[in-house]
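Since this is a predicted model, take the numbers as computed values, not measurements. Counting starts at 1 for both ligands and their atoms, in listed order.
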Amino acid sequence: MLADTLTIVDNRTGKKYEVPIRYGTYPKYGAAIPTSELRKIKVSDDDFGLLSYDPGYTNTESCRSAITFIDGEKGILRYRGYSIEELAEKSSFLEVAYLILNGELPAHSQLNDWNHNITHHTLIHENIKKFMEGFHHDAHPMGILISTVAALSTFYPKASQIGDGELRQKQIQRLIAKMPTIAAFAYRHRFGLPYSYPDNDLSYTGNFLSMLFKMTEVKYEPNPILERAMDVLFILHADHEQNCSTSAMRGVGSSLPDPYVCVAAAAAALYGPLHGGANEQVLRMLREIGSKDNVPEYIKRVKAGEFRLMGFGHRVYKNYDPRARILREMAPKVFEVTGKNPLLDIAIDLERVALEDDYFVERKLYPNVDFYSGIIYQAMGFPVEVFPVLFAIPRTVGWLSQWQEFLEDPDRRIARPRQLYTGSDARGYIPIDKRK
Ligand code: CMC
């Protein structure tokens with residue numbers, strides 16, 4: 001019978017080692033070896049043992065997780081086993097949030113309670129509002145969001161009791177409820193507009209649109225198509241397994257601080273142009289290209305290595321990102337309300353030219369979620385600086401459920417990778433007057 005082990009022969013010593021192979025729920029979803037086993041491979045007794053070298057963790061499983069499944073080769077994304085296509089069509093963001101956090105779709109009463117709890121935690125303390133007023137008028141909304149979420153930690157000192165399940169749930173609900181309020185206030189701060197308080201009669205995304213765009217009207221009525229589009233965008237961004245910001249959430253969470261500072265750290269990781277800042281870069285890129293006629297020349301420069309095609313490529317997807325496909329199909333519906341974003345034609349042409357080009361085909365570079373999200377957000381009236389904030393709101397659900405899962409994992413340990421040392425060997429201190 002074949003064994004679920006791997007035999008390694010160390011050619012330095014001729015010794016043979018047998019390493020166990022571990023599977024996830026199903027062998028077809030991948031197998032891995034516990035790399036700590038490699039430490040047994042030594043050339044001598046005082047040898048430290050073999051380590052694995054994997055910058056960027058391209059081939060390392062950092063945890064076990066039952067939340068999100070991605071098959072990057074086939075372009076599949078599922079939350080708790082449900083396909084992203086089905087959830088985007090049939091569910092709502094808050095229902096998906098419940099599913100991601102709890103593992104199952106809610107019954108009627110559970111969903112009502114959940115919606116009620118989130119809706120009734122949307123207000124923020126007036127002192128947080130004052131804190132936000134201290135930012136410079138042109139402060140980037142993402143900088144405001146990150147700092148303000150971290151500041152929430154000081155308003156809820158009991159949040160540090162992360163071992164208390166009930167208190168933990170309270171912080172989770174607070175964070176999911178307050179992120180849109182902070183994000184909307186950060187947006188209005190930039191334009192010198194008075195903050196618009198939450199309206200509990202509206203849906204999660206309807207209320208968010210109200211806090212963003214309400215002017216002098218007594219009651220803001222969100223356009224149902226835009227409200228639904230926002231809901232779908234939030235569903236698509238809710239979780240994406242062990243990406244950079246989620247790894248930051250787990251990594252920071254591994255030293256056991258409260259969830260507010262963990263979410264602030266995760267949001268900081270999201271801010272970068274290679275992660276949540278990419279859709280902002282896509283818009284800048286499309287504006288720079290300016291016209292379909294300039295697409296071939298731009299692609300030439302990408303291939304020459306001058307810069308990357310933003311919104312293209314993914315560490316995991318080596319096929320069309322399923323989220324990008326949903327957004328590409330949704331865009332015309334949004335444009336019926338907002339008017340067409342002229343950048344869409346450039347984007348579609350850019351995608352066509354890239355997908356016919358050997359450079360992109362060979363490297364399996366396809367549009368990712370950021371390629372179309374920015375075009376939709378811009379048509380809805382969002383300035384580019386707000387895009388990463390729009391990503392952070394729904395991803396808070398993913399961060400918190402991954403954090404919760406991490407805390408309950410018996411394999412949990414503080415994140416502390418090793419290094420391959422490449423510096424000087426031991427040497428003596430040289431007094432300053434003897435140095436060259
Ligand atoms: N344009 C041109 N070439 C690219 C691109 C791109 N967007 N992405 C990767 N490549 C090339 C890269 O130059 C390399 O070529 P070579 O083998 O000749 O050196 C090859 O493809 C592999 O690239 P890599 O950098 O090893 O891939 P990675 O897995 O480390 O990076 C990525 C993934 C998303 C950072 C990268 O594809 C990228 O920079 N894309 C543009 C930024 C972007 O759209 N980010 C959003 C990601 S999706 C939303 C999210 O989850 O945050």
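Per-residue contacts place Gly313 under 4.0 angstrom from the following atoms of ligand 1 (heavy atoms of the residue considered): 34 (C), 37 (O). For ligand 1 and Arg315, the ligand atoms under 4.0 Å from any heavy atom of the residue are 28 (P), 29 (O), 30 (O), 33 (C). Atoms of ligand 1 found under 4.0 Å from any heavy atom of Gly311 (numbered from 1 in listed order, with element): 43 (C), 44 (O). Listed by atom number, the atoms of ligand 1 under 4.0 Å from Leu274 heavy atoms are 39 (O), 45 (N), 46 (C), 47 (C).
Side-chain atoms of Gln110 come within 3.5 Å of backbone N or O of Ala107 as a donor-acceptor pair. Side chain of Asp199 to main chain of Asn207: no donor-acceptor pair is present (N/O by atom type, distance under 3.5 Å, no hydrogens or angles). The backbone N or O of Leu94 sits less than 3.5 Å from a side-chain atom of Trp114, completing a donor-acceptor pair. Here the side chain of Arg39 pairs no donor or acceptor atom with the backbone of Gly49 at under 3.5 angstrom.
Here the protein heavy atom with the shortest distance to atom 3 (N) of ligand 1 is Tyr359 OH, 3.0 Å. In terms of protein heavy-atom proximity, atom 52 (O) of ligand 1 is closest to His275 ND1, 2.4 Å. Annotation: atom 23 (O) of ligand 1 to nearest protein heavy atom, Arg308 NH2, 4.0 Å. For atom 16 (P) of ligand 1, the closest heavy atom belonging to the protein is Arg363 NE, 3.6 Å. Of all protein heavy atoms, the one closest to atom 47 (C) of ligand 1 is Asn368 ND2, 3.7 Å. In terms of protein heavy-atom proximity, atom 4 (C) of ligand 1 is nearest to Leu365 CD1, 3.5 Å. Counting protein heavy atoms only, atom 1 (N) of ligand 1 is closest to Leu309 N, 3.0 Å. When hydrogens are left out, the protein atom nearest atom 42 (C) of ligand 1 is Met310 CE, 3.4 Å; that is the closest non-hydrogen contact.
For Phe387 and Phe382, the gap between ring centers reaches or exceeds 6.0 Å. Taking the centre of each ring, Phe391 and His240 stay at or above the 6.0 Å mark.
Counting protein heavy atoms under 4.0 angstrom from atom 26 (O) of ligand 1 gives zero. Within 4.0 Å of atom 19 (O) of ligand 1, not a single protein heavy atom is present. When distances from atom 45 (N) of ligand 1 to the protein are checked, a heavy atom turns up under 4.0 Å.
For atom 43 (C) of ligand 1, the candidate residues are Ala278, Pro367, Gly56; the nearest heavy-atom contact is made by Ala278. Between the choices His314, Lys303, Arg395, the shortest heavy-atom distance to atom 48 (S) of ligand 1 belongs to His314.
Under 4.0 angstrom from ligand 1, there are no non-hydrogen atoms of Thr58. Heavy atoms of Gln281 found under 4.0 angstrom from ligand 1: none, in either backbone or side chain.
Residue Asn243 places every heavy atom at 4.0 Å or more from ligand 1. Within the structure, the closest approach of Phe307 to ligand 1 does not fall below 4.0 Å when heavy atoms are considered.
Remark: Tyr372 engages no residue in a ring pair (Phe, Tyr, Trp, His ring centres under 6.0 Å) (not counting sequence neighbours).
By the 30° and 60° cut-offs, the orientation of the rings of Tyr204 relative to Phe234 is perpendicular. Ring geometry for Phe135 versus Phe131: interplanar angle over 60°, hence perpendicular rather than tilted (30 to 60°).
For the pair Arg190 and Tyr187, the cation does not sit on the ring face, since its NZ or CZ is not both under 6.0 Å from the ring centre and inside 45° of the axis.
A salt bridge does not link Glu288 with Arg284: every distance from a Lys NZ or Arg NE/NH1/NH2 to an Asp or Glu carboxylate oxygen is 4.0 Å or more.
Listed by first and then second residue, the side-chain hydrogen bond (donor to acceptor under 3.5 Å, both in side chains) pairs that reach into residues 250-267 are Ser153-Asp258, Gln171-Tyr260, Gln242-Arg250, Arg250-Gln402, Arg250-Glu405, sequence neighbours excluded.
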